[in-house]
2 protein chains.
Amino acid sequence: MTAPVGWEAIRAEVLRRIRVRDWAPGAVIPSETDLAQEFGCARATVNRALRDLAQAGVLERRRRAGTRVALHPVRRATLDIPVIRAEVEARGQAHAFRVLKHVTALPPPPVAARLGIAPAAPLRHILTLHLADGRPFLVEERWLNPAVLPDPAPDFAAMSVNEWLVMNVPYTSGDIAFSAEAAGAVEARALGIDAGAAVFVTDRTTWTDGMPITAVRLVHVPGYRLHTSL
Amino acid sequence: MTAPVGWEAIRAEVLRRIRVRDWAPGAVIPSETDLAQEFGCARATVNRALRDLAQAGVLERRRRAGTRVALHPVRRATLDIPVIRAEVEARGQAHAFRVLKHVTALPPPPVAARLGIAPAAPLRHILTLHLADGRPFLVEERWLNPAVLPDPAPDFAAMSVNEWLVMNVPYTSGDIAFSAEAAGAVEARALGIDAGAAVFVTDRTTWTDGMPITAVRLVHVPGYRLHTSL
DNA sequence: GAGTGGTCTAGACCACCAA
DNA sequence: TGGTGGTCTAGACCACTCC
């Protein structure tokens, strides 16, 4: 065997051994120390390769117990979630948006529950239609915690809420859910489609340091596909 | 300032400086060497923290050019894609499946194109209904390259194709697309829903070393949600 | 050419946890 | 309690690329 050089080569070699069943699913593989000796490199280099594979879901590592080949190989894919404007422009289309509605109101109970706030706390309710080359792209329905807004509130007609938040309240934690739903009347009219058409929906809720920021629901135009690679 | 200890503390401190606009989007931050000196740690530790943030999409790093705060903060989420059986069992439900159809046939041109093979090459065409607690969960329509099957072909009535592939053809590369569609007649009948209902669809194509393995289309029962966190 | 990040080394200490 | 992975160090060389 030619000795692998570099942590990527070691990763490739480890993958090869898994593929050819040299190391079977569930089996413990040699320790970092042993592999470093076999490959003729420092343990840190082996560590780098194995850590990468563990993050990818191929290996499971536990102190003392050692490193095992994952029994139920969970494929882990990464999704890029860009600003809507960037997503449209990445398709080579021109982005524009129109604020359809902007009020302060009480959120419906499910939204309040998702954000973890009292249902009696009023939030900004903003409905935005995003356009790609002038054609409807998606409807953004957002409930926004007014506490994150500066005193002279930003002009959401100039910069979309989506973009303002990303630029001004960075790195929040949150969760996302994707689903397929039948378009409601409001969304259908905004998107120019028939009510009841199958639409791709993204529900996102974000916090920063435990403070709820926003709950947003993106209703994409029919035909939208969310892509990624393994 | 209390000196951060450990690469995670350094990552947190860097994030804090970005959040408070100490380092603005697009701006170049100090070099690893400088930060290591400031934090009183080795450069490798700073490197670990910055590399992690770059992978998360918060920073952009280029040799010689230095490290910049990302201008268009792309959120990067990771999706876990388990075996269907594991996904059902993770909900605390019992998994079962029925093979509805299993033939050798020519794939429709779009499928052949996606796999990158000649349209005249026959593939296995397998339609499987997956059940959760006895109720329809999803329909799996798969086109499978027969070249990956061993000579006594596995018994897909005992182990689903999905699971057999994951256990026997590990770590392929591929791509995934998610979309919302109106249920077709066949899928609707199998899932026990009305044709035209909005269904969540996963399209996955996988290769190994450039050899096409399979193209699969998962049609989920209405109400299915794909979850992840940021 | 010079300065950046990318990587590797040889060694060390520590947290954890199965035996 | 010993062996494992997790991390850190201080130093080094290299690849890349902007100037």
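Scope of the values below: all heavy atoms of this structure, side chains included, with no hydrogens, waters or symmetry mates. A note on names: the letters A, B, ... follow the listed sequences, proteins ahead of strands, and every chain is numbered from 1.
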What pair of heavy atoms forms the shortest contact from [X] to [Y], and how long is it?
{"X": "L129(A)", "Y": "P136(A)", "value": "CD1-CB, 4.2 Å"}
{"X": "W207(B)", "Y": "R114(B)", "value": "CZ2-O, 3.2 Å"}
{"X": "R11(B)", "Y": "A49(B)", "value": "N-CB, 3.8 Å"}

Expressed in angstrom and rounded to an integer, what is the separation of [X] atom [atom1] from [N] atom [atom2]?
{"X": "L59(B)", "N": "dT4(C)", "atom1": "CG", "atom2": "P", "result": "16 Å"}
{"X": "R68(A)", "N": "dC17(C)", "atom1": "CZ", "atom2": "C1'", "result": "13 Å"}
{"X": "L35(B)", "N": "dG3(C)", "atom1": "CG", "atom2": "P", "result": "17 Å"}
{"X": "E32(A)", "N": "dC8(C)", "atom1": "CD", "atom2": "P", "result": "14 Å"}
{"X": "Q37(B)", "N": "dT9(D)", "atom1": "CD", "atom2": "C1'", "result": "16 Å"}
{"X": "F39(A)", "N": "dT9(C)", "atom1": "CZ", "atom2": "P", "result": "12 Å"}
{"X": "E60(A)", "N": "dC17(C)", "atom1": "CD", "atom2": "P", "result": "15 Å"}
{"X": "W7(A)", "N": "dT9(C)", "atom1": "CH2", "atom2": "P", "result": "14 Å"}

Protein heavy-atom contacts under 4.0 Å, written 5' to 3' over nucleotides 12-19 of chain D as B (base), S (sugar-phosphate only) or - (none), form the string B--BSBBS

- Query: T214(B) and R142(B): side-chain donor and acceptor closer than 3.5 Å?
  - Reply: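 Checked: T214(B)/R142(B) side chains pair up, N/O donor to acceptor below 3.5 Å.
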
If you measure only the distance, is there a donor-acceptor pair under 3.5 Å linking the side chains of N47(A) and R43(A)?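 Checked: N47(A)/R43(A) side chains show no N/O donor-acceptor pair below 3.5 Å.
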
Q: Could you tell me whether R225(B) atom CZ has more than 12 heavy atoms of other residues or ligands within 6.0 Å of it?
A: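 More than 12 heavy atoms, drawn from other residues, nucleotides or ligands, come within 6.0 Å of this atom.
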
Heavy-atom neighbours of R98(B) CZ exceed 12 at 6.0 Å:
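For R98(B), atom CZ is not crowded (no more than 12 foreign heavy atoms under 6.0 Å).
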
For [N], does OP1 or OP2 lie under 4.0 Å from any side-chain N or O of [X]?
{"X": "T67(B)", "N": "dG5(C)", "answer": "yes"}
{"X": "T45(A)", "N": "dT9(C)", "answer": "yes"}
{"X": "N47(A)", "N": "dT7(D)", "answer": "no"}

Practice item. Using heavy atoms to find the nearest nucleotide of DNA chain D for D34(A) and R51(A) separately, return the residue whose nucleotide is more 5′. Key: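 Final value for this comparison: D34(A).
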
Open item on the list: With nearest nucleotide decided by heavy atoms, which residue, G40(A) or L50(B), maps closer to the 5′ end of DNA chain C?
Closed with: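 By nearest-heavy-atom nucleotide position, the 5'-most residue is L50(B).
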
Closest to the R61(A) side chain: dT9(D), dT4(D), dG6(D)?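 Of all the options, the side chain of R61(A) is nearest to dG6(D).
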
Please determine, for the side chain of A42(A), which listed nucleotide (dT4(D), dT9(C), dC8(D)) has the closest atom?
->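 Ranking dT4(D), dT9(C), dC8(D) by closest atom to the A42(A) side chain puts dT9(C) first.
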
